[in-house]
Participant: 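One structure, pasted below without further comment.
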Amino acid sequence: SHFNSRFNISETNVGVPCSCLQSAALVFSINFLMRCTRNHALHPTSVLVTHTHSCRLCNVQIPRKATRSVCRWCRYHVCYDCWMHYDVGSDSPDNLESTSRSSNNGSTKTLRTIFMDRMNKKHLVKSSSVMISRSYDIVSPLDASVRMHQHTRGSGVADDCRHIPFSDAELSLCAAPQHLEGTTPDEMTDGMREVPSLAACETHSEFALDSMVDSACAITVVARAADLIKRLELEVGRNQDCFDSMWEPQLPELPGDGFQTIRKGSLISWLLGGGSPGTGPGSEVGKILEILGAAETVLRSQPVVSEVEAPAKVFGDVHGQFRDMLLLFHFYGRPGQEEGTDDVPVSYVFNGDWVDRGAHQLEVVTLLFAFKVVYPDLVWLNRGNHEDRNQNLKTTSQGGKGFDKACEDAFGAASGRILFNNFHHVFGWLPLVARVDRRVLVLHGGLGDGNWTLDMLRSVKRPLASDDLVNELNGVVYNILWSDPVQHTDVNRTMPQLAFGAHKSHRSKHTDVMKVFGRDITERFCKAENLALIVRSHQFKNPCKGYEIMHDGWLVRVFSARNYNGRVPNDGGILLIGRAEDSPETLLVRPQVIERLHRQATAKELSSMLSNEPYCPLGHLMQLERPKTTSCLSDLLNRGEEENHECARCGAEELRKDCFFHCSGCGLKTEQSYNLCLACADLLVQGHTVAVSDDDSQPGDFSEEAVCLWPDLPVQAHSAVAGNLVPPAALAEADGSTQTSVGVAATLS
């Protein structure tokens, strides 16, 4: 088993008795660290015990085969989780040996007393810097009422959060105290820009940007997006909601539209205000190139580690779901909305992955770059793993809608390639991380092995091309974009050492570089860099609340695209970082969520509805794999990390948790295996190709044929059908003996 690096032992067999010579170094390292109430040293072991014991520190039952610390003389057990919480570096050996000595008041200080004192002290220091609100805001676009809910374990709070204290303080969007920041509210408004009227956009004389950059097209896009949000507000008022891929807004004619040619039914054309044909100045392609040039100028003038003022809002993955992003703007605010009021300006951090898979990728990324041009000191853009040319091409090659295909579909092959190349030139100048108020670090992926510093990251030279990401800083940059935190799973209960340290990533790309990181790495990195919280995106959970608090409160994940890809039952969320009303020196983090659409089909329902198995691209007939139930003996013999299975079409991960289709003929190795989730398998059975083709279909796009599967349904139910809400008749057939071939695309909860 891998042991914690702080003991300076890379690998040891902790299953043998501690008296053996090969464990002598381990015993010598920890014999002063933990002692039972009788002053006996506790030793690590992973030997299967005959009885179930509870941890003396947290009272949680320890699985019989789980690694733990044990007193060989007393029936005294400490779980691995509490053992790792018992940080060696914070106390001297003299203090650690006082576990059975008397304190000044005559009471005996047990190990539990010292442990709880230590945990309370650690979280008290952390809480004075950053705290997480006890509740979160949630709104349904169907009723437009913002409600306040408390967190729930499993969907918003991970099981590895045991000791984190939540705050019931009110959140305030006030400015930083002057004695902390050395700035005044007037100085904080230097980055504010006034959103101009459309008439001003035409002459662009009443609105001057920063002297180093000037783009009338960016002003136009921001102004028209503000008008589109008002149109979306009317839809919300009529209790209308739909998936982003099915959204066809009523685009109004605005002042100046008569002089430009706006392509009918094209949202990107309307957002740009139309344009002449071709790629020259005044054309739609030319306007986007103008915005890209202005954005590049701004990005080149700013560092690779962005310094962001609080209050701030952090957006997670959007993946081209433009309507979801506008809904978040509508309910929770958009950049520049505080103008004309006495409110403190709010910073916005968009944490990467704006493109690939969604229906409105160009609209999302064009608006974000326009925001960056208009509000250079309020809008901050972090690079994600999908702002990568190779990843875009891979998404398209696997049958999805990559960013390259989105550009070509909107403007044709030749103009699309020009746009695609210019976007990636600007992507190379994107910052990698953002630090909010010097206490919250926002990055897209994760920390990797954590053996790097922000000063090292500041030395990175841009632009960073796709081929440079893997080797930059010996893989540090690649892990910032790609690495994942260790998930709390049932395997981690029996092998808790897997939840700590750095391990090989379950993803199938560059696994020798990519790592998953445990809670100890997150906490150690935060302490080394004087941080109190890490915010990351990159992953969604099925289902999830759009956020998840992990690693005992040191890490928060945020994901903004709800019903991801049109088929996953997840909410979309953002994080609001403000100040505690009763303590302005303390940052307070509060999730804000928009609800998902509709219920999803279960694994049993959907697997019963599929009458035929799909074929892989090589012609092999695939077979349905169901979740496997393992016995204690087989689990003991097959210890190790579970192999991750990804859908070859949509990229959905952890397919082994539910039913999925696997091709045995393609091999078992990760780089050779071919797997499909049930949603993509259903599309394939219906005749949708998985290989590269001229078909625009993807898991988030449902054709009229799929909507009309149940013609007896009322019109208002069609969006529910496309959203994977299974009709009662179909469910009745699925539960019976008769199998029907129903075109339902859904990810299983």
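Being a predicted model, the structure only gives us computed values, none of them experimental.
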Participant: How about V318 and V355: do any of their side-chain heavy atoms sit closer than 4.5 Å?
Facilitator: no
Participant: If I take atom CG from residue L378 and atom OH from residue Y348, how far apart are they, to the nearest 0.5 angstrom?
Facilitator: 9.5 Å
Participant: Could you tell me if the side chain of D244 sits less than 4.5 Å from the side chain of F322, heavy atoms only?
Facilitator: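 Yes, their side chains come closer than 4.5 Å.
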Participant: Please round to the nearest 0.5 Å and tell me the distance separating atom NE2 of H444 and atom NE2 of H386.
Facilitator: 6.5 Å
Participant: Do we get R224 above W270's six-membered ring, with its NZ or CZ under 6.0 Å from the centre and within 45° of the axis?
Facilitator: yes
Participant: Within the distance-only criterion (no hydrogens, no angle test), does the side chain of N351 pair as donor or acceptor with the backbone N or O of N382 below 3.5 angstrom?
Facilitator: no
Participant: Can you check whether L142's main-chain N or O pairs, donor with acceptor, with E595's side chain at less than 3.5 Å?
Facilitator: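 Looks like no, no N/O pair under 3.5 Å.
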Participant: Are the charged groups of E235 and R231 less than 4.0 angstrom apart, N to O?
Facilitator: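 Between R231 and E235 there is no salt bridge, as every charged N stays at least 4.0 Å from the carboxylate O atoms.
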Participant: Walk me through it: do F423 and F403 pass the test ring pair (Phe, Tyr, Trp, His ring centres under 6.0 Å)?
Facilitator: CA-CA 10 Å; F423 266 110; F403 187 48; 5.2 Å; yes
Participant: Taking the side chain as every heavy atom from C-beta outward, state whether F427 and W354 have any pair of such atoms under 4.5 Å apart.
Facilitator: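 They are in contact (side-chain heavy atoms under 4.5 Å apart), so the answer is yes.
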Participant: Answer yes or no: is there an ion pair linking R519 with D81, defined by an N-O contact shorter than 4.0 Å?
Facilitator: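 Counted as a salt bridge, because a side-chain N and a carboxylate O are separated by less than 4.0 Å.
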Participant: Salt bridge between D241 and R596, side-chain N to carboxylate O under 4.0 Å?
Facilitator: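 Looking at R596 together with D241, the answer is no, because their closest N to O distance does not fall below 4.0 Å.
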Participant: Test your reading of the model: is there a side-chain donor-acceptor pair from R536 to the backbone of S483, 3.5 Å cut-off?
Facilitator: yes
Participant: Looking at every non-hydrogen atom in both residues, tell me the closest pair between C174 and P311 and how far apart they are.
Facilitator: O-CD, 3.7 Å
Participant: Regarding R383 and D388, does a basic nitrogen lie under 4.0 Å from an acidic carboxylate oxygen?
Facilitator: no
Participant: May I ask you to check whether over 12 heavy atoms, not counting those of Q240, lie within 6.0 Å of atom CD?
Facilitator: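 Counting other residues, nucleotides and ligands, CD of Q240 exceeds 12 neighbours.
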Participant: Considering non-hydrogen atoms only, spot the tightest contact between F369 and L299 and give its length.
Facilitator: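 Looking at all heavy atoms of both residues, the closest pair is CE2-CD1, 4.2 Å.
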Participant: For the residue pair L457 and I480, establish whether any side-chain heavy-atom pair is separated by less than 4.5 Å.
Facilitator: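 Contact flag for L457/I480 side chains = yes.
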Participant: Do you know the tightest heavy-atom contact between L481 and L432?
Facilitator: CD2-CD2, 4.4 Å
Participant: Side-chain contact test, heavy atoms from C-beta onward, threshold under 4.5 Å: evaluate it for D160 versus D552 and give yes or no.
Facilitator: no
Participant: Is R323 reaching over with its side chain to a backbone N or O of F243, donor-acceptor style, under 3.5 angstrom?
Facilitator: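 The answer is no, because no donor-acceptor pair under 3.5 Å joins these two groups.
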Participant: For residues V344 and L173, determine if any side-chain heavy atom of one lies less than 4.5 Å from a side-chain heavy atom of the other.
Facilitator: no
Participant: Side-chain contact test, heavy atoms from C-beta onward, threshold under 4.5 Å: evaluate it for D353 versus N385 and give yes or no.
Facilitator: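 Of all side-chain heavy-atom pairs linking N385 with D353, at least one is under 4.5 Å.
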Participant: Would you call R153 and D159 a side-chain contact if the rule is heavy atoms closer than 4.5 Å?
Facilitator: yes
Participant: Determine yes or no for a side-chain-to-main-chain donor-acceptor pair under 3.5 angstrom, with H151 supplying the side chain and S133 the backbone.
Facilitator: yes
